[in-house]
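Structure first, then comments.
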Amino acid sequence: MLKLSNISYDIPDREGILKDINMEIGSGEMVVVTGPNGGGKTSLIRAIAGVIRPSLGEIWLDDTDLTELGITERANAGVAYSFQNPVRFKGFRVRDLIRIAAKRRLNDQEICQVLSRVGLCARSYIDREVDAGLSGGELKRIEIATVLMRKVKLYLFDEPEAGIDLWSFGHLVEIFSELRRESDATIIIISHQERIINLADRLAVLADGCLTHFGTRDEILPHLHIRPFSFSCQTDGAE
Amino acid sequence: MDNLPTTPVDLKKVKNILDSLPISATTREILAGLDCHIPDPERTAYNIRENSRCAGRHSTAEIQIVPKTDGKSGVDVYVAAGTVDQSVYIPACISQSGVDEDVYNDFHVGAGARVKIIAGCGIHTHSNEKSRHSGIHNFYLEAGARVIYVEKHLGGGVGRHNVQIDPITHCELAEGSYLEMDTVQIGGVDDSRRLTTGTVGAGASLVVKESLLTELEQRTTTDFNITLAGADSSVELASRSVAKDDSYQEYTSIIVGDNACKGHSACDAILVGRGRVDATPTLRANHPDAQLIHEAAIGKIAGDQIIKLQTLGLTEAEAEQKIIDGFLRTL
Ligand SMILES: Nc1ncnc2c1ncn2[C@@H]1O[C@H](COP(=O)(O)OP(=O)(O)O)[C@@H](O)[C@H]1O
Ligand SMILES: [Mg+2]
């Protein structure tokens with residue numbers, strides 16, 4: 001179970017990027033976080049992964065207090081994080097990145113399996129450089145593959161659909177539904193896509209740094225349909 | 001999955017003919033570091049230097065290695081026209097302090113021949129006294145020849161500021177020939193002046209991939225001066241370097257386009273600590289159809305690269321090392 005208590009994040013020239021966020025998400029539960037651009041979704045996920053340190057609040061994963069742990073320690077405590085904007089590495093081949101994620105030497109067949117899971121025609125990708133030569137969509141799928149292959153307690157996906165073509169998107173939805181079925185990990189996905197939202201056990205809306213809504217799909221969806229981009233910290237419906 | 005490659009051959013289990021040479025253990029270590037492992041003397045010519053003497057020489061029917069007769073140290077390597085799938089090993093090993101040598105090796109590669117040449121120098125010192133090696137290599141590729149040239153520089157042993165390696169390489173590429181040079185110098189070399197010059201003929205291509213790492217107070221200067229002389233000639237210079245600690249690197253490249261040609265140079269450098277890099281690229285187009293491009297980028301390791309690898313469980317130091325290894329093509 002992931003427990004966020006009173007998470008706030010301010011930086012010197014911008015206050016209230018996150019304002020007093022409280023959430024409890026169980027093992028085996030999938031939460032989709034949505035909301036307007038700039039609402040604080042990426043910041044929240046980066047705070048959980050340890051990339052940024054909240055100004056206030058605590059983060060617990062089961063019995064582990066993550067609050068003071070660094071990125072590496074959180075990764076090793078069972079946090080996996082798929083970036084909104086995947087990183088390019090000059091000189092890394094796809095196989096190198098996959099091997100780092102796996103923490104062991106994989107043979108070509110194993111790497112192929114991982115890549116075909118995210119819909120990449122595997123053989124031709126293994127020795128490509130994770131650099132300018134790959135399209136945004138290809139890079140994104142490799143990013144997702146590096147996260148999926150880790151067996152962890154908590155998966156964080158930041159807009160996995162971004163840059164992914166329609167055909168692969170269907171595939172992606174399947175991946176998440178399978179992950180939800182077959183893993184007892186906690187899964188948080190930031191997404192604006194209805195088909196991903198429809199997989200969620202619960203939905204959360206972040207706007208202006210506040211958790212404006214957090215509840216079951218049935219509770220939250222009507223709000224999303226009525227006034228999708230007019231949330232503010234005053235919006236009723238917070239948990 | 002279809003057509004997966006079989007498990008690669010474990011080189012250590014294959015016979016290495018260098019094992020039979022009367023050389024020191026240090027030299028053996030240097031040879032292993034320079035990737036010199038020769039299983040098949042039928043298709044491999046070699047000349048092994050150990051502390052300025054010849055520790056073993058072997059020619060094949062198609063590749064003749066002949067010592068210089070003009071009083072200079074070094075060899076002439078003659079590759080017969082049409083030779084395919086053969087290799088030449090010419091490593092220089094120095095396992096002492098106080099060696100200072102200029103070695104002249106010339107490669108004459110006949111028309112249409114395809115060969116791989118593995119060169120390189122390893123210096124292992126055991127005192128503060130300097131050892132210096134300068135390999136002066138000339139490549140003469142006849143029409144349609146294809147050569148892959150691999151050169152590694154290694155420094156090791158004890159003592160401070162005492163390993164100097166100065167490679168001077170000149171190449172002349174005749175019509176339709178191809179030369180690829182992969183050069184690697186990663187740490188251990190205190191002082192290095194690298195000079196590569198060349199003339200590229202019609203339809204010929206020169207590709208240079210250089211990987212450099214300097215640390216401590218090491219200094220390296222790299223100079224390229226390439227003339228694209230023939231129509232449709234091309235050159236691709238790709239230099240990747242890492243400057244750590246208080247080390248310093250100077251990169252200068254001049255590409256001259258005298259004909260319809262394509263020239264591309266890319267100088268990428270990563271700074272770690274107080275490392276410094278100077279990059280001065282020059283392009284000279286003397287023909288209306290010359291297309292010359294230069295790219296240079298110098299900076300620290302990108303923060304998000306380190307973060308990404310940390311989220312995969314690597315420590316910051318491990319992440320930095322992996323990024324450098326990848327960048328220098330040594331992953
Ligand atoms: N390091 C930063 N410096 C300045 N502003 C930031 C920084 N990080 C985030 N922000 C701001 O915080 C807000 C929330 O950003 P983000 O979490 O990326 O939102 P979302 O992912 O919901 O689009 C945005 O207005 C963004 O500009
Ligand atoms: Mg975002």
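To find a chain, count down the sequence lines: A is the first, B the second, and so on, and within it residues start at 1.
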Which one, A:D96, A:V51, A:V147, leads in non-hydrogen pairs under 4.5 Å with chain B? A:D96

Go through the atoms of [X] and report whether side chain, backbone, both or neither lie under 4.5 Å from a heavy atom of chain B.
X: A:R74; result: neither
X: A:V79; result: backbone
X: A:E129; result: side chain
X: A:F89; result: both

Taking 4.5 Å as the heavy-atom cut-off, does anything in residues 239-247 of chain B contact chain A, and if so which residues? B:R240

Testing the 3.5 Å rule here: is there a donor-acceptor pair between the side chains of [X] and [Y]?
X: B:S205; Y: B:S234; answer: yes
X: B:H264; Y: B:E295; answer: yes
X: A:R141; Y: A:S168; answer: yes
X: A:S191; Y: A:E159; answer: no

Has the side chain of A:K140 got a donor or acceptor atom that lies under 3.5 Å from a matching backbone atom of A:Q84? yes

Heavy-atom cut-off 4.5 Å, strictly under: side chain, backbone, both or neither for B:D268 against chain A? side chain

A:V114/A:L148 under side chain to side chain contact (heavy atoms under 4.5 Å, CB included): CA gap, chis, key distance, verdict: CA-CA 8 Å; A:V114 173; A:L148 284 176; over 6 Å; no

Matching residue for B:K152 among B:I186, B:V184, B:I118, B:D182 - test: side chain to side chain contact (heavy atoms under 4.5 Å, CB included): B:V184

Sub-4.5 Å side-chain heavy-atom contact between A:P54 and A:I7: yes

Quick one: are A:R88 and A:V130 in side-chain contact, heavy atoms under 4.5 Å? no

